[in-house]
Structures are given as structure tokens and as C-alpha cells.
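Working notes, structure below.
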Amino acid sequence: MKQFKNVLVYVEGEGLKKRDLTFSDRILSTGEEDAEEKISFPADAIVVPAFIDEHIHGAGGADAMDGSVQALSRIADTLVKEGTASFLATTMTQSRENLIKAMNAVKEYRAENRLSGARLLGVHLEGPFISPRFKGAQPLEHVVSPSREAFEAYMQASGNAVKIVTLAPETEGAAELIESLSACGITVSLGHTAAKFADIERAVRAGAKNVTHTYNAQSPLHHRDIGTVGSALLLDELNCELIADTVHVSLPAIKLLFKNKPAEKLTLITDAMRAKGLGDCVSELGGQTVYVKNGEARLQDGTLAGSVLCMNRAVQNLVEKAGVPFLSAVDCATKNPALSLGIYGETGSICKGKRADLTVLNARYDVLYTVRGGEIVYSAQRDMA
């Protein structure tokens, strides 16, 4: 057993409380209880649930599309430095062969049951079932229509690990696939899409629940048809992903989204690519050269190509730049993705009996510790040693 001594803890249902937090692989107590290993923190430390990133392509020089256990390990080891203890390896529009290779790597990695780094929950299949008009940084030559047969090949190759599928609901074959995926408990996310309101409304009726990186690579709000963006703002059923780096989405747009969505329907993501954590550099995304400068990742033509955002900084941006209350911002990176993925009974909040997935922040939002299933997988002190 370990114990965080007399520290400010975000306790589920109670808010911020000064407590001793005792845990093994599960949270045992948020009150007084003895433990063998006791850890004290600076006065400004706050313990929150560990972050969950449902949409991340890569980090630390590695990408999920590299299709190797080593790349996934690199990503997992990088993410814990920003307080993320669980993630979905996110693919992109690529050839069937390359996607199968990436799925196989996920299957192999999860079979190893690796206990260090962030926990790989599964796959977010972003593409290839997208709109050519709103492909963003995805290569056009590999865009295909939604297909149950193609999806089944990816699902089997991943070891049944696909948790989210991003698709364009207006494309041929989308309606059938949405119904099929929803019936199997797989989250359908609407993105890279030219959809009109009627398309989104039909998709929601068929079971779609999510909007991929809201505002980006989707039909905008217009007064004659509110498109994907307007639908995301209007329909309470839809959980909205948000890249809160103030590059992909402006501050007024962030504030508008937060104002319009129910408290549990806004989820922070990083959408980060392999250059995250490497500073200014020349990198790569899906065979395309990416130039990273001043925290922005762009293709040569200026198209945004994912982000280099860290989750702790996304939370900080919501609070300090967008004026979102601290606990609400934390929920967007913890509780809300857990609800969206159907794992809130296990993680996403600090409550007796849940997995001990914890992040310790200081007043500057720096990560002091990340705990995954009771094991300290990142310590700032060790990192500086």
C-alpha cells in the first residue's frame, strides 16, 4: 500500500478535500488509514484522476502507424510525463496493409500486458472512412467509403481492440456501419465530414455519440444549414472532442463550445503526432513532411497536421485562458472520456474501489507524479535525477 499524505485531492462527489489518499492497485481510502509507503508533497500539490487521451497519434518520435510494439511503448512512456495514464492509439487514413500492420502491433502490445507507461486501452480508428472534402492532413489516395467488411478486418487484426471509429456520416455505406458499430458498443465519432444537419441527425438516431476534434476538418456553422459544427453545439447527445491548444481552435470558439455543451459532453484530446515532446523540428505524418515551430505542426502548404499539445497544458489552457473552473476542466480530461468510452466504473475519478489512476499537479500544472493502477509510472524527481 502507498499513501499520499495530507494532500489536496479531487474526491468524486465531494470536490477538493485535504486528505490522506491510500491505495494499492485500487483506491482504498480517502481518509485516515495506515500504509507502508508514505509520500508527502509541496503545499500547492493537487491529486486528480489520471488523464485519459482518446485521440492521440504519437509522441516522443513514435507514431501508432509505425506498426510496432516499440513505437507504442515509446508513446506510452512519453504520455505519463503529462499525467496521462490511459490512451487510445489513433490511426490515420492509410493503405489497408499499413492499417492492418498498426492493428497487429496493438494486439501484440496489449498481449504483453506491459505495466510501465500509460495503459493502451485500444484503438481510435480515424479514417479511412472520411470525406475527401474534409480530409485535413489525411492522404487523399487512401480515403475509402465505409465498409463493414473493411472494419471487420481491422477489428480482427487489433484483437477486438477498436473502441472509436471516426467516419463521415454522409458517405455511402455510413448509415449501415454506424448502426452495426453502435450495436456492438463501439463509439461512432463524426469527423472529417461534409455532413449537413440532416446527416448528423440521422447518424445520432443510428447511434453516433461523438464528434472528432470539434471545429476541425468538418462542415462549418452556416445560417441556412448548421453543418457538423452547429450540430455539435446543438445536440446534447453528442460528446465533443476538443484540441485546446488555442491553435486548432480559438479561445472564443473554446468558450462557445464549453458554454453550449452539457458538463459531461466535452472531452479534451491532444490529437498529438510523433513530434510531441521534441521541440521545434522537422517530423512526419503518414509519409508527409511536418514542420513543427512554436508549438504548431503544419504540412508544407500550411495545413495543420495534428498537434504537439500535452494534456496537462490543455487543462491549464481551459482554466487560465478560457476561464473554465478547475474541476470542470479536469473532468474534461478524466471523467468525460471515461464516460464516453464506457469505463467510468473503473477509472476517471477518485473513489474507493476504482483503479488507482492518479496524477499529481502543482500550481503551474506541472506533473509531479503519474500513477497507473497503483504503480508510480512517472516521477518528476526521478526524471530530473
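Everything numeric in this text was worked out from a predicted model, so none of it was measured. Here, residue 1 is the first one in the sequence, and each next residue gets the next number.
With hydrogens and angles disregarded, a donor-acceptor distance shorter than 3.5 Å links the side chain of Asn260 to the backbone of Leu256. Side-chain atoms of Thr84 do not come within 3.5 Å of backbone N or O of Val80 as any donor-acceptor pair. Although no hydrogens or angles enter the test, the distance criterion places a donor-acceptor pair under 3.5 Å between the side chain of Thr90 and the main chain of Leu88.
For the 3.5 Å distance criterion, the side chains of Asp331 and Asn336 fail to qualify, holding no donor opposite an acceptor. One side chain, Thr270 or Asp53, offers a donor N or O that lies under 3.5 Å from an acceptor on the other. Side-chain contact annotation: His57 with Asp271, donor-acceptor N/O pair under 3.5 Å present. For the residue pair Ser219 / Thr228, a side-chain donor-acceptor distance below 3.5 Å is found, with atom types taken as modelled. Neither side chain, Asp225 nor His222, offers a donor N or O lying under 3.5 Å from an acceptor on the other. Side chain to side chain, Glu54 and His124 fail the donor-acceptor criterion of an N or O pair below 3.5 Å. Checked by atom type, the side-chain pair Thr303/Asp301 shows a donor-acceptor distance below 3.5 Å. Judged purely by distance below 3.5 Å, without hydrogens or angles, the side chains of Asp245 and Ser307 never pair a donor atom with an acceptor atom.
Considering every non-hydrogen atom in both Ile226 and Ser231, the closest pair reads CD1-N, 3.7 Å.
Between Leu16 and Val9, every side-chain heavy-atom pair lies at or beyond the 4.5 Å cut-off. Counting only heavy atoms from C-beta outward, the side chains of Lys17 and Thr30 never approach each other to under 4.5 Å. Contact of the Phe258 side chain with the Leu242 side chain is not registered, since no non-hydrogen atoms from C-beta on lie closer than 4.5 Å. Between Phe151 and Val162 the shortest side-chain heavy-atom distance falls below 4.5 Å. Tyr365 places none of its side-chain heavy atoms less than 4.5 Å from the side chain of Asn317. Side-chain contact between Leu257 and Leu233: present, with at least one pair of heavy atoms (C-beta onward) separated by less than 4.5 Å. Counting heavy atoms from C-beta on, the side chains of Phe41 and Tyr369 come closer than 4.5 Å. In this structure, Glu241 and Val211 have side chains that are not in contact, with every pair of non-hydrogen atoms separated by 4.5 Å or more.
Here the CE-SG distance, from Met311 to Cys332, works out to 10.0 Å after rounding to the nearest 0.5 Å. Rounding to the nearest 0.5 Å places OG1 of Thr166 at 10.0 Å from CD of Gln218. How far CD of Gln138 is from OG1 of Thr91: 8.0 Å, rounded to the nearest 0.5 Å. Of the inter-residue distances, the one linking Thr370 atom OG1 with Leu79 atom CG reads 10.0 Å to the nearest 0.5 angstrom. Here the straight-line distance linking atom CZ of Arg26 with atom OG1 of Thr347 works out to 9.0 Å at 0.5 Å rounding. In this structure, SG on Cys281 lies 11.5 Å from OH on Tyr291, to the nearest 0.5 angstrom.
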side-chain contact (heavy atoms from CB on, under 4.5 Å) evaluation trace for Glu126 with His55: CA-CA 9 Å; Glu126 186 186 16; His55 189 152; 3.0 Å; yes
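Under 4.0 Å is where a charged nitrogen must lie from a carboxylate oxygen, and between Glu82 and Arg313 no such pair does. At a threshold of 4.0 Å, the pair Glu112-Arg114 does not count as salt-bridged, since none of the basic side-chain nitrogens sits closer than that to a carboxylate oxygen. A salt bridge does not link Arg205 with Glu179: none of the charged nitrogens is closer than 4.0 Å to a carboxylate oxygen. Salt bridge absent: Glu237 and Lys209 never bring a charged side-chain N and a carboxylate O closer than 4.0 Å. The pair Glu176-Arg148 does not count as a salt bridge, with every side-chain nitrogen at least 4.0 angstrom from each carboxylate oxygen. Electrostatic pairing of Arg74 and Asp66 does not count as a salt bridge here, judged by no charged N lying under 4.0 Å from a carboxylate O. One finds no salt bridge joining Asp199 and Lys196 here, because no Lys/Arg side-chain nitrogen approaches an Asp/Glu carboxylate oxygen to under 4.0 Å.
Figure legend: Lys38 and Phe4 shown without cation-pi pairing, the cationic atom not lying both under 6.0 angstrom from the six-membered ring centre and within 45 degrees of its axis.
Taking the six-membered ring where the residue is Trp, His192 and His213 present perpendicular rings, their angle passing 60° and hence far from 30°.
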